[in-house]
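Data block below; observations after.
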2 protein chains.
Amino acid sequence: MKQSIREERKKEIVSGLYELSRQEGLENVSIAKIGKHLGMPPSLVMHYFPNKRLLILGLINHILHQYQLIYKPIVSKLEKKPRVDPELLVERLFSREWNLLFDDGVFFSCYAFIFRDQLIKKEYKKLHVKLRVTLKNLLDKDEVLVMGDTGLLAEKIFVVIEGAYYYLSMMDEAREYDQKLELFKDQVYELIYAEISRLQTGPEMGKSRYSTGG
Amino acid sequence: MKQSIREERKKEIVSGLYELSRQEGLENVSIAKIGKHLGMPPSLVMHYFPNKRLLILGLINHILHQYQLIYKPIVSKLEKKPRVDPELLVERLFSREWNLLFDDGVFFSCYAFIFRDQLIKKEYKKLHVKLRVTLKNLLDKDEVLVMGDTGLLAEKIFVVIEGAYYYLSMMDEAREYDQKLELFKDQVYELIYAEISRLQTGPEMGKSRYSTGG
DNA sequence: TTAAATATTGAATGAATATTCAATAAATAA
DNA sequence: TTATTTATTGAATATTCATTCAATATTTAA
């Protein structure tokens with residue numbers, strides 16, 4: 001009980017920070033503003049987060065946790081199928097649900113911290129590796145793909161996804177956004193189909209020289 | 001003459017902002033600190049940049065300008081050749097010179113502004129489109145590639161480059177960095193070689209349905 | 001030379017910043 | 001119950017913030 005109120009309050013504060021960051025940008029949020037937003041004195045905020053860095057670390061954990069949720073529905077939907085359906089996979093990887101779960105602006109503001117905070121960098125990397133492993137596990141369910149280097153394929157797919165979202169964030173018009181989105185989906189299709197056809201026509205080639213699997 | 005001292009001072013101030021941002025992070029730089037760093041009163045800084053937003057816009061212009069310089073040596077080297085040498089092209093696109101010209105931390109801190117400043121978003125997009133056009137023009141010099149959709153190919157290449165740098169920024173160990181880098185280079189090679197072989201074996205297929213060419 | 005425009009200075013502003021502290025209220029453990 | 005830990009409050013801190021202003025110096029135009 002004693003512990004739970006503490007954790008609840010911490011979550012509440014981090015959520016408040018997130019909401020304000022979304023509205024006015026992370027760099028414009030102060031401890032006083034968070035307190036005001038939540039109806040508590042700034043000293044209470046600092047009671048749970050003794051300094052601002054810890055507060056931002058809390059926000060980053062929150063965001064990284066949200067980020068992981070994106071793949072929950074994808075994973076559960078795909079796990080039921082006996083084979084990987086590339087159409088469904090790609091559709092889900094580029095799904096709009098992505099943008100609804102958290103704010104890209106806050107995400108990239110936090111991302112910028114990786115260049116000056118080793119712990120944040122580590123957390124970010126951990127997440128990104130995890131997402132790749134999740135995808136690899138999905139690809140391993142496919143009887144054809146599993147013969148190749150699914151870890152490598154997952155890397156290649158994700159670099160397109162991440163590059164795509166980086167670039168797509170600059171698009172204003174919905175039409176242009178959708179057009180580019182289709183293009184990048186196509187690029188991922190091609191990666192998957194190329195691997196399938198490679199494995200079916202010449203499986204004796206074995207794994208690629210740039211294998212990432214342990 | 002009168003104009004030049006003004007522009008020089010503005011450049012000096014922006015450079016100071018850049019240097020400080022590199023050292024302690026953009027969010028920790030103030031007008032007073034810039035003034036101190038350059039040995040001038042903060043009021044002089046504000047004389048040239050009446051508010052902080054204009055100052056940051058100045059920094060962004062500076063960075064985007066630097067960003068463009070990266071491709072100067074690539075372009076001039078490749079322009080002399082009659083054909084595109086994929087090895088050289090990919091080597092240059094992923095060159096280390098990239099990291100030397102400007103700081104990734106500052107770049108991504110500024111990038112985060114695109115989500116709350118339309119002008120900054122526009123500037124960023126303009127640059128990224130420009131880089132793609134430059135690459136397209138290079139690809140057009142190749143007698144085989146020019147038969148296909150070079151604009152589309154440029155998009156596909158850049159999404160890998162950008163995704164790669166986003167992801168590589170999280171790497172600590174040099175070995176892992178290099179390993180992943182090779183992987184992404186490979187991915188770009190495959191894009192180019194796949195397009196070449198596609199055009200040579202079945203050029204009657206013409207341009208892809210996701211053409212980006214105007 | 002004189003007048004106007006620009007560059008530079010330094011002092012001052014109030015608002016906002018993260019953080020500290022002592023006091024009180026509430027919950028839990030003994 | 002009492003003692004102890006935790007939660008919450010509100011006032012206070014020194015510092016830093018972006019910005020303003022009037023005064024002076026320097027450069028340019030007439």
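In the text below, chain A, chain B and the rest are named by the order of the sequence lines, each starting its count at 1. In this text the structure is predicted, and so the values were computed from the model without any measurement. Any value given below was found using the heavy atoms of this structure, including those in side chains, with hydrogens, waters and symmetry copies removed.
Here dT9(C) presents its P atom at 12 Å from NE2 of His47(B), a figure rounded to the nearest Å. Nucleotide dA25(D) holds its C1' atom 12 Å from the CD1 atom of Ile5(B), rounded to whole Å. Nucleotide dT8(C) holds its P atom 11 Å from the CZ atom of Arg6(B), rounded to whole Å. Taking atom CD1 on Ile31(B) and atom P on dA16(C), their separation rounds to 16 Å, with Å as the unit. Atom-to-atom, CG of Leu38(B) to P of dT8(C) comes out at 12 Å; the value is rounded to the nearest Å. Taking atom CZ of Arg9(A) as the reference point, atom P of dA27(C) lies 12 Å away to the nearest angstrom. Atom CE of Met46(A) and atom P of dT20(C) are 6 Å apart (whole Å). For the pair Lys36(A) NZ and dT9(D) C1', the interatomic distance rounds to 18 Å; values are reported in whole Å.
Phe108(A) pairs by the ring-ring contact (aromatic ring centres under 6.0 Å, His included) definition with Tyr111(B), Phe115(B), not counting sequence neighbours. Partners of Phe49(A) by ring-ring contact (aromatic ring centres under 6.0 Å, His included), not counting sequence neighbours: none found. Phe94(A) meets the ring-ring contact (aromatic ring centres under 6.0 Å, His included) test with no other residue; sequence neighbours excluded. Scored by the salt bridge (charged side-chain N to carboxylate O under 4.0 Å, His left out) test, Lys185(B) finds Glu91(B), Glu182(B) as partners (sequence neighbours excluded). With sequence neighbours left out, Asn61(B) forms a side-chain contact (heavy atoms from CB on, under 4.5 Å) with Glu123(B). Ile56(B) meets the side-chain contact (heavy atoms from CB on, under 4.5 Å) test with Ile60(B), Phe113(B); sequence neighbours excluded. Under the ring-ring contact (aromatic ring centres under 6.0 Å, His included) criterion, Tyr167(A) pairs with no residue at all, not counting sequence neighbours. Remark: Ala154(B) pairs with Leu135(B), Lys136(B), Leu139(B) by the side-chain contact (heavy atoms from CB on, under 4.5 Å) rule, at least two apart or across chains. Applying the side chain to side chain donor-acceptor pair (under 3.5 Å) test to Tyr48(B) and every residue at least two apart in sequence or in another chain returns nothing.
Listed by residue number, there are no residues of residues 18-28 of chain A with a heavy-atom contact under 4.0 Å to DNA chain C.
Nearest heavy-atom pair across Leu152(A) and Asp149(A) is N-OD1, 3.0 Å.
Recorded end-axis angle for the helix from dT1(C)-dA30(D) to dA30(C)-dT1(D) stands at 10°, based on five pairs per end and rounded to 10 degrees.
Across all strands shown, Tyr48(B) has heavy atoms under 4.0 Å from sugar-phosphate atoms exclusively, and none from any base.
The nucleotide whose nearest atom lies closest to any side-chain atom of Asn51(A) is, among dT17(C), dT19(C), dC17(D), dT19(C).
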List every contact pair, protein side and nucleotides 10-14 of chain C side both N or O, where the distance is under 3.5 Å.
residue: dG10(C); atom: N7; partner: Ser43(B); partner atom: OG; Å: 3.3
residue: dG10(C); atom: O6; partner: Ser43(B); partner atom: OG; Å: 2.7

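Between Ser30(A) and dT17(C) there is a side-chain N or O to OP1 or OP2 distance below 4.0 Å.
Under the 3.5 Å distance criterion, the side-chain polar atoms of Lys52(A) are left unmatched by any main-chain donor or acceptor of Ile31(A).
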